[in-house]
Amino acid sequence: MSTLYSDLALADSLKRAVADMGYENMTPIQAQAIPVVLTGQDVMGAAQTGTGKTAAFSLPLLQRLLKHENASTSPARHPVRALVLLPTRELADQVAQQIKQYAKYTQLRSTVVFGGIDMKPQTAELKKGVEVLVATPGRLLDHIEAKNAVLNQVEYVVLDEADRMLDIGFLPDLQRILSYLPKQRTTLLFSATFSPEIKRLAGSYLQNPVTIEVARPNETASTVEQRFFRVHDDDKRRALRQVLRERGLTQAFVFVNSRLGCARLARSLERDGLKTSALHGDKSQDERLKSLAAFKAGEVELLVCTDVAARGLDIKDVPAVFNYDIPFNAEDYVHRIGRTGRAGASGLAVSFSGGGNDARLVADIEKLIKKKIELEPLDLEADRPRGRINDGRRHWREEGETGDARDALDQPRESREAYRSPRPHRAPAAPRDPFFDRPYEASEGDQPAAWEAAGKAPVARAPSANIRAKRKVAALFKAAEPSN
DNA sequence: AAAAAAC
């Protein structure tokens with residue numbers, strides 16, 4: 001069987017676009033899936049990360065849209081005929097851009113909708129009419145309810161990262177979306193990982209599906225070197241820096257399990273002089289896209305991220321992925337390390353197994369990927385003497401400052417006590433304008449206030465516990481952000 | 001346990 005794009009039964013307009021992108025040979029998933037999707041059958045496709053799944057469904061999909069004109073499709077109307085759903089905004093953006101590339105020589109229109117940004121431009125695009133709509137679930141439902149998107153003529157639905165789309169967090173939204181679609185349609189599911197339960201569930205959404213498994217599902221790429229180090233939780237940051245140095249790594253994804261942990265780590269690595277940006281769900285969409293763009297452009301060495309970045313993101317030539325935290329789901333491990341070693345390149349995946357449940361989680365991964373995992377010790381260089389303050393930095397927090405005191409947390413637990421310094425004496429703070437949160441401004445001819453004349457500060461009502469908690473969280477995130 | 005996805 002030929003694996004050349006030029007031999008495929010695709011329109012010249014699509015072949016030209018593929019050629020423009022420099023592709024000649026199909027990957028195995030493409031060679032197997034494209035002919036099947038061209039027949040219009042339902043498909044469940046499993047293939048390793050980084051092997052071109054997007055092209056595997058979008059090219060034949062576009063071909064079907066070109067060749068099989070819908071009876072109700074007039075040149076004046078552009079009903080949505082194909083819907084592609086993804087679990088994160090960045091991924092939706094990426095897939096939409098790829099589809100635009102493939103469709104650039106055709107008359108087919110496409111657009112993308114996702115949350116976190118203004119709805120109006122998306123609405124305008126939808127009103128103009130598109131044949132292909134790429135979306136994340138929440139925002140799509142908004143557009144459906146606002147009657148901006150009419151999906152009653154959808155012929156093709158693609159669930160990319162299908163196992164994620166079918167998991168408990170997404171399922172309700174997904175089911176609502178599917179309820180707006182015609183029953184008579186083609187459904188395509190793709191992912192690198194499928195658990196047996198998800199496979200069963202997926203089956204209930206498909207009609208006589210063709211199953212395509214190019215590699216064993218859940219398999220990791222053989223081009224990625226996988227290392228697991230046993231590291232004390234307090235030593236992970238040093239371990240990360242050491243591995244970066246030893247391996248001469250210029251860029252890496254660094255995965256962390258929580259958003260706050262992500263923000264904190266990004267900030268502390270930034271302070272270590274590493275060019276870092278953070279990507280997690282508590283950042284504004286604008287910041288998220290900027291972080292990712294800076295990493296793509298090579299302006300940033302480390303992308304410190306949560307699992308928002310675990311799936312699908314296709315960035316060329318990222319040499320390494322760190323699991324600073326071991327992921328809670330073994331499947332996420334497969335997706336995370338799939339950010340490196342893409343398109344046959346080599347890559348390195350380094351995971352730090354610390355305390356808590358980590359050993360158990362590593363065992364889960366071993367079981368899933370069916371590869372023996374060796375937990376190695378990591379000899380840390382004594383680059384930072386422990387237990388004494390001799391790095392010239394302060395380890396307490398001055399009033400009005402945030403963040404520095406937490407550096408003590410980077411030290412081994414037993415020596416933290418040494419970082420506790422007596423609180424420096426300071427004059428009582430001047431009262432602040434509670435509305436603008438700044439010192440009261442004195443104006444010409446001001447008399448000393450009554451409180452000042454009496455030599456005591458005014459009594460302010462303490463903020464409620466609720467407000468204090470909110471402020472505290474906001475301050476933590478603010479303090480934890482890299483400065484730029 | 002966490003993250004993601006809508007204001």
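Each chain gets a letter, A, B and so on, in the order the sequences are listed, and its residues count up from 1. What you see is a predicted model, and the numbers here were worked out from it, not measured in a lab.
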A/E246 and A/Q242 side chains, donor-acceptor separation under 3.5 Å: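 Yes, a side-chain donor-acceptor pair sits under 3.5 Å.
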
Base B/dA3 to side chain A/N257, donor-acceptor N/O within 3.5 Å cut-off: no

A/L265 vs A/Y324, side-chain contact (heavy atoms from CB on, under 4.5 Å): CA-CA, chis, key distance, verdict: CA-CA 10 Å; A/L265 179 64; A/Y324 192 86; 3.6 Å; yes

Rounded to whole angstroms, how far apart are [atom1] on [X] and [atom2] on [N]?
X: A/D118; N: B/dA6; atom1: CG; atom2: P; result: 14 Å
X: A/I326; N: B/dA3; atom1: CD1; atom2: C1'; result: 17 Å
X: A/D358; N: B/dA1; atom1: CG; atom2: P; result: 16 Å
X: A/M119; N: B/dA5; atom1: CE; atom2: C1'; result: 14 Å
X: A/E161; N: B/dA3; atom1: CD; atom2: C1'; result: 14 Å
X: A/N329; N: B/dA1; atom1: CG; atom2: C1'; result: 10 Å
X: A/R336; N: B/dA3; atom1: CZ; atom2: P; result: 11 Å
X: A/D167; N: B/dA2; atom1: CG; atom2: P; result: 15 Å

Out of [options], which nucleotide sits closest to the side chain of [X]?
X: A/N357; options: B/dA4, B/dA1, B/dA5; answer: B/dA1
X: A/H280; options: B/dA4, B/dA2, B/dA6; answer: B/dA4
X: A/D142; options: B/dA6, B/dA3, B/dA5; answer: B/dA6

Between [X] and [N], is there a side-chain N or O to OP1/OP2 distance below 4.0 Å?
X: A/T88; N: B/dA3; answer: no
X: A/R164; N: B/dA3; answer: no
X: A/T306; N: B/dA2; answer: no
X: A/R89; N: B/dA3; answer: no

So, the side chain of [X] versus the backbone of [Y]: is there a donor-acceptor pair under 3.5 Å, distance only?
X: A/Q153; Y: A/R81; value: no
X: A/T186; Y: A/Y156; value: no
X: A/T340; Y: A/I337; value: no

May I ask you to say what [X] touches in the nucleic acid, namely base, sugar-phosphate or nothing, with a heavy-atom cut-off under 4.0 Å?
X: A/R311; answer: nothing
X: A/G115; answer: sugar-phosphate
X: A/G116; answer: sugar-phosphate

